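Below: the structure, in structure tokens.
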Amino acid sequence: MDIDTALLSEIGLSEGEIKVYLALMSLGASSTGPIIKESKVHASKVYPILDRLVDKGLVGFVKEGKKSIYRANPPTMITSFLEKKEADLKTQKKEAQRLIRQLELLQTISEAGTDATIFKGRRGIKAAHDLLIKDLKKGDELLDFGLTKQSKSWEIYFQHFQERRVKKGAKLKQLVSEEYPWLDEYVTFRKHLPNTEIKFLPKHLLFPSVMEIWHDKVLITVLEGEGLSILIENKEVAESFRTQFYAMWKQPVQVYYGKEGPTRVLDLLAEEGKKGLPNYGFGTDENPYTKYLPDELAKFWDAEKKHKITTKLLFMEGGEHQQPNADIRYLPKEFVSPLRIMMAGDMVALADFTEPWTTVIIRKQEIADAFIKQFQLLWKIAEHPTRIYTGKEGPIKVLHEIVEACKKGGKDFINYGYGTDEDDWAVQVREELDAFIKESERLKMKTKLIFSEGYMPPNHTAEVRHLPKSYFAPVRTIMFADTVAIVDFTEPITTIMIKNQAVAKSYMQHFEILWKLAKK
């Protein structure tokens, strides 16, 4: 029977995979000998092809003694395979949006000593790359990795960009994912360009952004959605990215699939800890070891305690993580990634706990140092008094923290609010506001609020005064204890929370001036 295999090719099966799959469909359950004969695929290639088909869910196998017997799974598994590819694509899109929020937060990290410029939209990305080209000189080296899926129009633009780079006489080293959709066309175009070197990354190391390093600068670009580039001008940051690039460019890495990888990581952390070296972990919002490998984690905890190993971990705000021997801090959810990254000594491990579990371990001191510097920056951010939230989570968190501060502050506690002419909480988070008002009544909380003339808020427990509309701004400012919360209720809702006694006192003094001017 003649079968049109075009669809199998389009969904990602290689020619060899198609031949072996169709051979199994004809043979039924079979050992490798008949498969080789029926598919006419060389024996040395059949085994890895079968492994890939098993990973894709299209083929299953059983052990009969020392022999493996393979069988094609029902043809309906092709639909399941496509659904998984579709789910993977949706996940990548979500991660791209998450990364955009991460990059925007970089604007607020003044303590890191980094100058950052953000370029938004298509014009912004082109403007950023125009600056890059202008900055390059003959003989300069441009490092580029993390090439992502992009539209054909962007592909054409970056081809012209590379031609401009060649005219400047600059060199290019580029790492390209094997998942890149126009890989063959891309490589063919690059081959004729002088001063150009290309190497390839495995598919599971696909990045959600493009990173370009030159001089003391790093340009990070996300092409999904509206698109965004962020230019970081900092020698230490550039060297850190450069080190990571050359680790992937030069060094072989250990790749594990399944339980073996994360278990090996725990063993390495314990080995380094016995030498007196600390270990660090960040990335995911939860600890996947607690969920999936509790026995192995308990064994590591015993080693921590016995050898007095220092452990520092970062997780997402809102979670509760019981790590008996670890120092834990929390970051906003925008910093969360799908990978759990762990470092100790000269070891960096990147563990992906989605199916199939994949763990990449790099053993090189320069790489470990670069990742540890990144961790230390995030560790510093985690104690930073400023937090930024996007969406309704922010104003809800403000209400929650006011209640908690009132419980600690007792009868001397007062919370203050002014800025907008009406109460946006009553519109955006009315259910949570009603619960807050009920709790404030129970706690006998003191509240002072300023609104425009003629408006009365739903919080009847508050003392309210009024000012003319000309006094009002588009944001609502709340002060309580040592915290200032500034909420912009226009889309997307953005909340900035600053935990600093001096800042809070300054805002409260400003409020008192307006309070005296306001009418009862």
Side-chain angles (χ1 to χ4, degrees), residues 92-93 95-110 112-177 180-182 186 189-190 193 195-196 198 207-242 244-245 334 388 390 488 490-492 494:
Q92 289 172 359
K93 288 182 178 179
E95 292 308 319
Q97 294 302 317
R98 179 180 292 177
L99 182 64
I100 289 173
R101 293 193 294 271
Q102 292 176 349
L103 297 174
E104 289 176 332
L105 281 171
L106 288 173
Q107 281 185 304
T108 67
I109 308 172
S110 58
T114 299
D115 292 325
T117 305
I118 291 181
F119 302 80
K120 289 189 175 183
R122 191 176 185 88
R123 290 185 179 180
I125 292 172
K126 290 183 176 181
H129 283 84
D130 285 342
L131 290 174
L132 192 165
I133 286 293
K134 186 177 180 181
D135 201 27
L136 288 176
K137 296 179 176 61
K138 185 177 181 179
D140 283 347
E141 185 178 69
L142 174 64
L143 308 179
D144 188 334
F145 69 110
L147 194 62
T148 63
K149 295 182 178 181
Q150 60 193 33
S151 67
K152 190 66 178 179
S153 61
W154 273 124
E155 179 70 8
I156 294 170
Y157 169 79
F158 283 114
Q159 287 182 357
H160 292 321
F161 170 82
Q162 290 300 335
E163 291 171 342
R164 294 165 65 194
R165 185 264 308 170
V166 168
K167 288 180 180 179
K168 294 293 293 279
K171 302 173 184 178
L172 173 72
K173 284 186 171 71
Q174 190 161 41
L175 288 165
V176 184
S177 171
Y180 190 65
W182 293 290
Y186 184 88
F189 169 75
R190 293 290 188 274
L193 295 177
N195 296 321
T196 301
I198 301 172
F207 289 82
S209 62
V210 181
M211 286 154 279
E212 295 160 292
I213 308 108
W214 76 103
H215 299 170
D216 60 352
K217 300 179 179 67
V218 178
L219 185 65
I220 303 173
T221 300
V222 177
L223 296 174
E224 292 284 346
E226 179 188 4
L228 171 139
S229 286
I230 180 167
L231 176 62
I232 302 172
E233 299 183 59
N234 181 286
K235 184 176 180 180
E236 290 187 1
V237 172
E239 285 302 314
S240 175
F241 276 88
R242 190 172 280 112
Q244 293 182 43
F245 175 93
E334 286 82 1
I388 299 178
T390 302
D488 175 7
T490 60
E491 289 296 335
T494 305

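The model shown is predicted, which means the values in this text are computed figures rather than measured ones.
- Here the shortest heavy-atom pairing between Lys134 and Lys168 reads O-NZ, 3.5 Å.
- Asn234 CG to Ile232 CD1: the interatomic distance, rounded to the nearest 0.5 Å, is 8.0 Å.
- Side-chain contact between Gln159 and Leu193 is absent, with no heavy atoms from C-beta onward closer than 4.5 Å.
- Note that CD of Glu239 is 12.0 Å distant from CD of Gln244, once rounded to the nearest 0.5 Å.
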Derivation of the side chain to side chain contact (heavy atoms under 4.5 Å, CB included) call for Leu136 and Lys167: CA-CA 10 Å; Leu136 288 176; Lys167 288 180 180 179; over 6 Å; no

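- Of all non-hydrogen atoms in Phe119 and Gly124, the two that sit nearest each other are CB-O, 3.2 Å.
- The two residues Phe245 and Lys173 have their closest heavy-atom pair at CZ-O, 3.5 Å.
- For the 3.5 Å distance criterion, the side chains of Asp135 and Trp214 qualify, holding a donor opposite an acceptor.
- Of all non-hydrogen atoms in Ala238 and Val218, the two that sit nearest each other are CA-CG2, 3.6 Å.
- Under the 3.5 Å distance criterion, the side-chain polar atoms of Arg242 are matched with a main-chain donor or acceptor of His215.
- Considering all non-hydrogen atoms of both residues, Ala170 and Arg165 come closest at O-NH1, 3.0 Å.
- A heavy-atom distance below 4.5 Å is found between the side chains of Arg122 and Trp154.
- Atom OG1 of Thr221 sits about 5.5 Å away from atom CD of Glu212, to the nearest 0.5 Å.
- Between Leu131 and Lys217 there is no side-chain heavy-atom pair separated by less than 4.5 Å.
- In Glu141, the CD atom is crowded: over 12 heavy atoms of neighbouring residues, nucleotides or ligands sit closer than 6.0 Å.
- Across every non-hydrogen atom of Asn195 and Gly169, the tightest pair is ND2-O, 4.2 Å.
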Derivation of the salt bridge (Lys or Arg N to Asp or Glu O under 4.0 Å) call for Asp130 and Arg123: CA-CA 10 Å; Asp130 285 342; Arg123 290 185 179 180; over 6 Å; no

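- Summarising the geometry, atom CZ belonging to Phe158 is positioned 8.5 Å from atom CG belonging to Asp144; distances are rounded to the nearest 0.5 Å.
- Separating the CG atom in Leu142 from the CD atom in Gln174 is a distance of 8.0 Å, to the nearest 0.5 Å.
- No side-chain heavy atom of Tyr157 sits under 4.5 Å from any side-chain heavy atom of Ile125.
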